[in-house]
Amino acid sequence: MKAISAWRLVAVSRLILAMFALLAIYVDPTQPARSSELAYFILAAYVIYSAALALILERFVVSRPAAHLVHGIDILTFGVVLHLTDGPTSPFFVLLTFALFAATIRWGWRGAVFTTMATVAIYGILAVSSEDLMDDLNRVVMRGIYLVVAGVLFAYFGGIIERMRHNVASLAGSSAQAWLGGDTPIASVLRRAAAITRATRALAVWRDETGSVLRVVEFDRGVIKYSESANKLPAVDGKVRTGAEFWRGGSQKLPDWLIGGKAESIVMAPLPGGSAEGFVLFVDCEETGEDLLPLAGVAAARIGYEIAEQDLRHQLIEAAKAEEREKLARDIHDDLLQSMAAVAIQLASLPKKSGGETEGLAQIRAIIGEQQDKLRTLVREATGERSAQKTCRVAGRLRKLLVELQAQWACSIALSVAPLDLVMSEKAMKGVFMLVSEAIANGVRHGRASRFEVHLESTRTLFTLTIRDDGVGLQEPASIFEYEAVLTEEIGSISLSRRVQALGWRLSLDNSPRGLSVTIRGALE
């Protein structure tokens, strides 16, 4: 559908209305006959004026003073025509309604209010000056009341349009100021949309194309919360898949974890097609009505755009990291691995010179050989020589790793895995092994720990890894530090937290004088 400007719409409507008014008075002249003839000529001139104005607006834009003048001419012409054609009982009373419509289209609720005042004043003057007022008093009274009620409705309509424009503009620009307020762009859009709809809770729920974790950003009574869930994305009906929908609480079955219990009303809008599948949800909105649906649609579109931009930014960062890893891997291969090979050759020749190989020397050679194997694997992966993705059982290989770490760091490590037949992807398992190795090394070196407990448990798609030690803990108050605080305040090992972030997992710390507990949560795949 081709767009038409408000001015052109009003101009065309004015011309059509003037032509039919002229036709009406030509077919059936009103009384008195002399006044009817004058009204006929005025309407004929008004038709010519309307046609000229419509042609002008095809090529030019009317300035604000000219717009006020045109509107004033309309109201004055309508008042004269009514005066010449039966006054307050004139059949051309509908012309005043057109003036209200034109003012609302042009200037919103303010135009409707001022035009209502002007038309009611003109109609009141016509009624008071009429000699036959008492003969048709009921029609005069009803028409006067109609003007007032119509003016209120037009003003309300204009207010809705103005508020919608303001709200949409506010949503469109909300993410630009996000970081200044401490929110992410997604949270900023959600916070603003909740403020507009006056919802008690608002949620953005999505699952990206590659992730198995359901991501949730929630606005609950002024507080933004970020979380991840292993739950499935709730199924919604066909209407919600194609556009925003509003319903009362019982008309759509959604899980309690999503809506937070009983909901009186819900507005849902799907995220636009792209890198994420999900929706935006507003629970118990104080504002109701059809105007919430386009707002919810705009909020969903903005959040979908932010998710897509976030994914693209992540891909660019990962591409840059991969390039740097490949460069570093080649440097390791050309320098460090060659040096370690030379050390291994020198160590191999020592037993011949000393007459035998000691236990300590054998252990050193074993450690160097093991590290060489690990470095070669890292080099192959970083340079693109990756094997096909596969899964494997974790318990046995993790137990073997912990035996090596016990010997390396002279400590005791207890292990528990649930379920015992836990299977992870090769990539996830390597990430877990690296994190366990680094956490135990940090516990011995910095926390003076001698005993560790490693617990690994999982659901169908997520795992939780907990590493506890008996050391002195961190130089921080005894407290639990969640993922956002660990990253922003750089609590604990920066290397460990960045490694967890690079893997797309989440980390929390439980610090106490009795030791440190590191908890890592992530996807099995």
Side-chain angles (χ1 to χ4, degrees), residues 318 321 324-325 328-329 332 336 340 366-379 381-382 394-395 397-417 422 424-458 463-476 480-483 485-512 515-524:
E318 289 301 314
K321 286 181 178 179
E324 288 299 317
R325 280 198 300 267
L328 178 61
I332 290 174
L336 183 58
M340 292 181 71
I367 291 173
I368 291 177
E370 181 185 344
Q371 296 306 315
Q372 281 181 296
D373 291 339
K374 289 181 178 180
L375 284 173
R376 289 191 186 98
T377 302
L378 289 175
V379 169
E381 291 181 350
V394 179
R397 297 179 65 174
L398 182 56
R399 187 173 291 107
K400 180 181 177 182
L401 172 68
L402 296 183
V403 170
E404 295 171 357
L405 291 175
Q406 284 184 135
Q408 182 178 349
W409 295 106
C411 62
S412 63
I413 307 174
L415 172 66
S416 65
V417 178
L422 173 62
M424 301 178 73
S425 69
E426 186 78 20
K427 179 181 177 182
M429 188 184 68
K430 288 180 178 179
V432 167
F433 285 10
M434 293 171 66
L435 294 172
V436 169
S437 299
E438 185 169 351
I440 290 176
N442 289 337
V444 174
R445 293 168 56 197
H446 305 298
R448 300 197 294 275
S450 60
R451 288 188 294 107
F452 294 86
E453 295 179 5
V454 178
H455 301 280
L456 179 61
E457 56 184 2
S458 78
F463 74 86
T464 301
L465 171 67
T466 305
I467 307 165
R468 298 189 184 93
D469 64 45
D470 63 345
V472 297
L474 303 173
Q475 294 180 351
E476 301 284 347
I480 297 176
F481 300 98
E482 297 298 337
Y483 181 59
V486 171
L487 284 181
T488 56
E489 301 176 25
E490 296 186 346
I491 299 171
S493 170
I494 297 176
S495 172
L496 186 67
S497 60
R498 287 180 178 172
R499 191 184 296 275
V500 171
Q501 184 183 25
L503 289 167
W505 299 343
R506 298 180 70 86
L507 174 145
S508 61
L509 303 174
D510 186 354
N511 185 45
S512 73
L516 179 67
S517 177
V518 179
T519 301
I520 299 165
R521 297 179 176 87
L524 290 174

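It should be emphasised that the depicted structure is a prediction, and the values quoted were computed from it without experimental measurement. Count residues from 1 along the sequence.
Here the closest non-hydrogen pair linking Ser450 and Cys411 is O-CB, 3.3 Å. Of all the heavy atoms in Gly443 and Asp469, the pair that sits closest is CA-OD2, 4.1 Å. Nearest heavy atom pair, residue Arg499 against residue Leu435, reads CD-CD2, 3.6 Å. Shown here for Ile440 and Trp409, the closest heavy-atom pair between the two residues is CG2-CD1, 4.3 Å. Counting all heavy atoms, side chain and backbone alike, Ala449 lies closest to Gly471 at CB-N, 3.7 Å. Smallest separation of non-hydrogen atoms from Thr464 and Arg521: OG1-CG, 3.8 Å.
For the atom pair Arg445 CZ and Ser493 OG, the distance stands at 9.5 Å (nearest 0.5 Å). The line from CD of Glu438 to CG of Leu496 is 5.0 Å long, rounded to the nearest 0.5 Å. To the nearest 0.5 Å, atoms OG1 (Thr519) and NE2 (His455) are separated by 10.0 Å. Separation of atoms CG (Leu487) and CZ (Arg506) is listed at 8.5 Å; rounding is to 0.5 Å. In this structure, the separation between CD on Glu476 and CG on Leu516 is 10.5 Å, given to the nearest 0.5 Å. Interatomic distance, CD of Glu482 versus CG of Asp510, reported as 9.5 Å (0.5 Å rounding).
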Next item on the list: Go through the steps for Leu509 and Val518 under the test side chain to side chain contact (heavy atoms under 4.5 Å, CB included), then give the verdict.
Entry: CA-CA 5 Å; Leu509 303 174; Val518 179; 3.8 Å; yes
Next item on the list: Start with the C-alpha gap between Leu402 and Val436, add the side-chain angles, then the distance that decides, and say whether side chain to side chain contact (heavy atoms under 4.5 Å, CB included) holds.
Entry: CA-CA 9 Å; Leu402 296 183; Val436 169; 3.7 Å; yes
Margin query: Ser508 vs Val486, test: side chain to side chain contact (heavy atoms under 4.5 Å, CB included). Steps then yes/no.
Written below: CA-CA 7 Å; Ser508 61; Val486 171; 5.8 Å; no
Next item on the list: Run the numbers on Gln406 and Phe452 for side chain to side chain contact (heavy atoms under 4.5 Å, CB included), then give the verdict.
Entry: CA-CA 10 Å; Gln406 284 184 135; Phe452 294 86; over 6 Å; no
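At least one side-chain heavy atom of Leu422 sits under 4.5 Å from a side-chain heavy atom of Leu456. Under the 4.5 Å side-chain criterion, counting only non-hydrogen atoms from C-beta, Ile491 is not in contact with Asn511. Here the side chains of Lys430 and Met424 are not in contact, with every heavy-atom distance at 4.5 Å or above. Side chains of Val432 and Phe463 form a contact here, defined as non-hydrogen atoms less than 4.5 Å apart. For the pair Trp505/Leu465, no side-chain contact is recorded, criterion being any heavy-atom separation below 4.5 Å from C-beta on.
Counting only distance, with no hydrogens or angles, the side chain of Glu453 and the backbone of Arg468 share no donor-acceptor pair below 3.5 Å.
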